[in-house]
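Shown next, in structure tokens, is the structure this report addresses.
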Amino acid sequence: MIGRHRGRPSILVAVALTLTVSAYTKQKPARTTADDLLWKKLDARVGEKVKKFDAVMGVAVVDLIDGRSILKNADRVFPTASSIKIAVLLELYHQEQEAREGAQGKARLNDIYDFDPKVLVDFSAIMAGLTPGITKVTNHDVAQFMIAVSDNTAANVLIERLGMEKVNATLRSLGLTKTMLRREMMDFEAAKRGNENVSTPQEMARLLEAIYSGKALNKELTAEFIKQLSTLKESEIPHDLPEGVQVANKPGSLKGVRTDSGIVFAKNRPFAISVMTMNARDERAAERTISEIALEAYRFFDMRGKTK
């Protein structure tokens, strides 16, 4: 009997030593780099601003190079206000791509629109100045009005020509389940019925990430889309950034609501950012906080780009 167990203690000791070394290896903390520390610092600063904000705020910041993200209340659903126009613009380019691939019945960038004053709604600075029966513009022109000055009639014209359900179908194809176009601009009766245009900070940032990475459009149309969305406009994300930094964004505002979502092209280190607020009693404070968060993020990515 004794001979049958000879050598077992040494085997047990070896196994125990192996498990101990393995456990030590797993528990050994990873080396923290200066970049990690600065990322954590940015995360903490963003979190502090969200916490101090005297209303509801959500933030998503996504590094478009390595995919890291900072998420604060990022899955909470907010009214998008005019930021939903990013999705409308995407659908226009999506249908242009489908048409180029041979699909029939799709809206094209160069399709002509004859101005009809009967469709005018408030906050339509450009469309209201067109001449009925004479002015003809392309869908691309109408999209430019929508993006550059947030012309609401322009947005509604595109929604009618593209189809609200098709805008939403494209969003679903990108895995975005909480981003919904449910009414035209200035349709407050629909909003009262609960048909508000909504999204989350994370989904708006992921939408922009999908566009940037070429998951939504081909290379040529991605470049054209980003160029149009980068049209200079009054908005919160670029407000405090250095002059000349390219920002492809679309802000939005309603009573108590301020939002802005976009891609900031920090040199060598672009990032997507979405900041959404609601129930804001001080709307100017909401705008300032969005700008402050965008600047904090830009400083990190700008520095990161310089150490590439």
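In this chain, numbering begins with 1 at the start of the sequence shown. What you see is a predicted model, and the numbers here were worked out from it, not measured in a lab.
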Of T231, T138, D151, the one forming a side-chain hydrogen bond (donor to acceptor under 3.5 Å, both in side chains) with Q144 is T231

Query - N156 side chain vs M185 backbone, donor-acceptor pair below 3.5 Å - result: yes

Between A286 and A280, the two heavy atoms sitting closest are CB-CB, 4.2 Å

* May I ask you to say whether E196 pairs ionically with R182, meaning some side-chain N is under 4.0 Å from a carboxylate O? => no

For T222 and Y212 the tightest heavy-atom approach is CG2-O, 4.4 Å

Under a 4.0 Å threshold between the charged nitrogen and the carboxylate oxygen, would D54 count as salt-bridged to R281? yes

Quiz item: Is the shortest side-chain N to carboxylate O distance from D116 to K118 below 4.0 Å?
Solution: no

d(S69 OG, E209 CD) to nearest 0.5 Å is 8.5 Å

Assess, by modelled atom type and distance only, whether the side chains of N152 and K85 contain a donor and an acceptor separated by less than 3.5 Å.
yes

### Query
Any salt bridge between E98 and K106, counting N to O under 4.0 Å?
yes

| query | Do Q228 and E224 meet the criterion of a side-chain donor-acceptor pair at a distance under 3.5 Å? | reply | no

_Cluster link I273 to L295, ILVMFWY, side chain under 4.5 Å_ = yes

Scanning both residues in full, the closest heavy-atom pair of L254 with P79 reads CD1-CB, 4.4 Å

*asked:* Taking D302 first and then R269, would you say they form a salt bridge - that is, a charged N and a carboxylate O separated by under 4.0 Å?
replied: no

Tightest non-hydrogen contact, residues V50 and K72, listed as CG2-CB, 4.0 Å

message: Regarding E96 and R108, does a basic nitrogen lie under 4.0 Å from an acidic carboxylate oxygen?
response: yes

Value for CG (N110) from CG (N139), rounded to nearest 0.5 Å, stands at 8.5 Å

Look only at the side chain of T80 and the backbone of N197, and say whether a donor-acceptor pair between them is shorter than 3.5 Å. yes

task = Check the side chains of S150 and S82 for a donor-acceptor pair under 3.5 angstrom, ignoring hydrogens and angles.
result = yes

Fill in: E236-S291 side chain donor-acceptor pair, cut-off 3.5 Å
no

Query - Electrostatic pair E189-K192, nearest N-O below 4.0 angstrom - result: yes

Answer yes when K52 and E48 have at least one side-chain N-carboxylate O distance shorter than 4.0 Å, and no when they do not.
yes

